[in-house]
Amino acid sequence: MKTKRILFLGGAYSQIPIIKEAKSRGYYIINCDYLPENPGHKLANEYHNISTTNFKEVLKLAQEVKPDFVVAYASDPAAGVAAFVSEKLGLPGNSFESVNVLSNKDLFREFQKNHHFNTPKAVAILQNENAFEKVKELHFPVMVKPSDSSGSKGISKIENVFELQNAINLALEFSRNKIVIAEEFIECEGAQLHGDGFVENGNLIFCFLGDHHYNDKINPFVPYSTTWPSTRTKETIILVENEINKLIKKVGFMNGPINIEVRINKEGEIFIGEIGPRSGGNFVPQAIEYATGFDMVKAALDVLSNNKIEIKPNLCKFSFNYVIHSDKEGILESLSIADEIMPFLREFHQYVNKGGKVKPYQNASAAIGLMILQFDDKEIMDFYLSKMGEVVKLELR
């Protein structure tokens, strides 16, 4: 039997689980990313230092290495490239059109509006365009963000037009296509919903949503944790899942994992903020697996080979991921974890080692590390989430 070849776009820490799973299946691993020190490179049979957002170069590489599958796991920027290359080479995957809509906030908001989903009033602003004229139709406060970025990079909430230009400049720093989206702020009643789902043959067959948590002292729009399951009622979750399923069908996304963010306003209206055409970063699939038993990584590879997707009965456990972060800049001297949390700790990943530079947690790239914890009791989970700043000790100089 011919060994299957899989081309992974990316290979950051959160992408390691799927590379390891593919390797355990005997696949030949080809890793592609512009960072020579990428941890995914170390696990690959071969690697290429090419940007995963370069359509032309990744297509050229794929034509040379002839993969059976092209996968962009837990990476928004690479998702469109993976779909484009797969479509060009006739490989399994979702249509480029569907992934492109889900990956670009300006296209996504337009799609939602045209198909009568609840969506904030939004305008797309091109570089060097008259932004002040564009936002005249919006009511403040307004969120300004890059249309094609992820990890909460370049996002601002502004209260008036005088703050607009600085917010646009920040967003443009993190935008590849140089398109900024400005949209009316949706006040969320209760926690923002966040989690992953899985789609098979155009149907949402699995979905597990939790509550986002933010550090208001640093940046109120960069989540440091999600606790699963959500505190929302079962009836509300069903309504949200129905909306997600309806949108997935409309956009034509057929197979694979999706990452979801949803806000619900005080009137009970459901606003789907994002449906990323990939698994969540920050080891979201693994945190969900500890709570439910559903193996998102295995399913992501199984669906490419037309294998049956296994959904086990819900374990009904409680879990959260926690991004280890700092509110100030410095050099890491030490990182220690209190013994009392160890019985609940399932995974620990450290990105910045002693002597490494630490940045304030303004976006996901400033993470120092990540932990996944699992509990049998929600009260104990909530107690330890509130104490994470005490049980995880950082020393900076």
Side-chain angles (χ1 to χ4, degrees), residues 1-33 38-47 52 58 61-62 65-76 78-87 89-95 98-99 102 195-208 248 253-260 276-290 292-312 347 372:
M1 181 186 285
K2 174 178 172 273
T3 300
K4 291 196 179 296
R5 299 165 65 86
I6 185 163
L7 173 60
F8 283 110
L9 306 186
Y13 286 100
S14 61
Q15 296 165 306
I16 296 303
I18 197 167
I19 296 177
K20 286 184 174 179
E21 173 66 23
K23 199 164 188 176
S24 74
R25 297 183 182 204
Y27 290 1
Y28 184 88
I29 311 296
I30 307 153
N31 203 61
C32 171
D33 191 83
N38 191 307
H41 284 354
K42 297 172 185 175
L43 295 173
N45 296 96
E46 64 178 90
Y47 62 84
T52 58
V58 175
L61 172 64
V65 300
K66 297 180 170 51
D68 296 280
F69 313 117
V70 181
V71 174
Y73 173 85
S75 172
D76 256 343
V81 179
F84 171 79
V85 172
S86 297
E87 196 168 80
L89 301 184
L91 303 177
N94 290 291
S95 71
S98 67
V99 172
L102 296 176
D196 274 6
F198 199 87
V199 179
E200 184 180 30
N201 297 323
N203 294 301
L204 185 69
I205 63 167
F206 174 85
C207 187
F208 197 60
I248 283 296
F253 186 87
M254 293 302 295
N255 291 291
I258 54 173
N259 182 243
I260 302 155
R278 43 81 184 178
S279 290
N282 289 333
F283 291 87
V284 166
Q286 288 68 45
I288 287 176
E289 184 179 359
Y290 285 112
T292 67
F294 180 67
D295 190 335
M296 195 83 63
V297 167
K298 186 174 183 295
L301 293 178
D302 283 342
V303 79
L304 292 172
S305 301
N306 293 317
N307 294 338
K308 184 180 178 181
I309 307 300
E310 293 182 27
I311 301 180
K312 299 176 183 178
E347 294 189 24
I372 302 176

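The structure presented is a predicted model; accordingly, all values stated were derived computationally and were not measured.
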Inset, instruction - Could you go through the side chain to side chain contact (heavy atoms under 4.5 Å, CB included) check for Y28 and K4 one step at a time? - result: CA-CA 6 Å; Y28 184 88; K4 291 196 179 296; over 6 Å; no
Donor-acceptor contact below 3.5 Å, side chain [X] vs main chain [Y]:
| X | Y | value |
| --- | --- | --- |
| S75 | A72 | no |
| N203 | I205 | no |
| N38 | G40 | yes |
| K23 | I29 | no |
| Q15 | Y73 | yes |
| N94 | N255 | yes |

Can you name the closest pair of heavy atoms from [X] and [Y] and give their distance?
| X | Y | value |
| --- | --- | --- |
| M254 | V199 | O-CG1, 3.2 Å |
| T52 | C32 | CG2-O, 3.1 Å |
| D68 | L91 | O-CD2, 3.6 Å |
| S279 | N259 | C-CB, 4.1 Å |
| P17 | Q286 | CB-NE2, 3.5 Å |
| G197 | M296 | O-SD, 3.8 Å |

Legend entry - Positive for side chain to side chain contact (heavy atoms under 4.5 Å, CB included) with V70, one of I6, L304, V85: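 Among I6, L304, V85, the one meeting side chain to side chain contact (heavy atoms under 4.5 Å, CB included) with V70 is V85.
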Inset, instruction - Answer yes when D196 and R278 have at least one side-chain N-carboxylate O distance shorter than 4.0 Å, and no when they do not. - result: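 Judged by the 4.0 Å cut-off on N to carboxylate O distance, D196 and R278 do not form a salt bridge.
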Value rounded to 0.5 Å, distance of [atom1] in [X] from [atom2] in [Y]:
| X | Y | atom1 | atom2 | value |
| --- | --- | --- | --- | --- |
| L301 | N307 | CG | CG | 9.5 Å |
| I311 | D295 | CD1 | CG | 12.0 Å |
| C207 | I258 | SG | CD1 | 6.5 Å |
| I16 | K42 | CD1 | NZ | 9.0 Å |
| H41 | I30 | NE2 | CD1 | 12.5 Å |
| T3 | Y27 | OG1 | OH | 11.0 Å |

Inset, instruction - Could you check whether the rings of F198 and F294 sit parallel, tilted or perpendicular, using 30° and 60° as the cut-offs? - result: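 Ring orientation of F198 relative to F294: perpendicular.
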Legend entry - Heavy atoms of other groups near F84 CZ, more than 12 under 6.0 Å: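 Atom CZ in F84 is packed in, count exceeds 12.
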Legend entry - Side chain to side chain, E200 and F206, heavy atoms closer than 4.5 Å: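 E200 vs F206: side chains apart.
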Legend entry - From CA spacing to verdict: side chain to side chain contact (heavy atoms under 4.5 Å, CB included), F69, S305: CA-CA 9 Å; F69 313 117; S305 301; 3.6 Å; yes
Inset, instruction - Determine, step by step, whether L204 and I248 satisfy the side chain to side chain contact (heavy atoms under 4.5 Å, CB included) criterion, reporting the C-alpha distance in whole Å, the side-chain angles of both residues, the deciding distance to 0.1 Å, and the verdict. - result: CA-CA 8 Å; L204 185 69; I248 283 296; 5.6 Å; no
Legend entry - Option from E310, E21, E289 for which salt bridge (Lys or Arg N to Asp or Glu O under 4.0 Å) with K298 holds: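 By the salt bridge (Lys or Arg N to Asp or Glu O under 4.0 Å) criterion, K298 pairs with just one of E310, E21, E289: E310.
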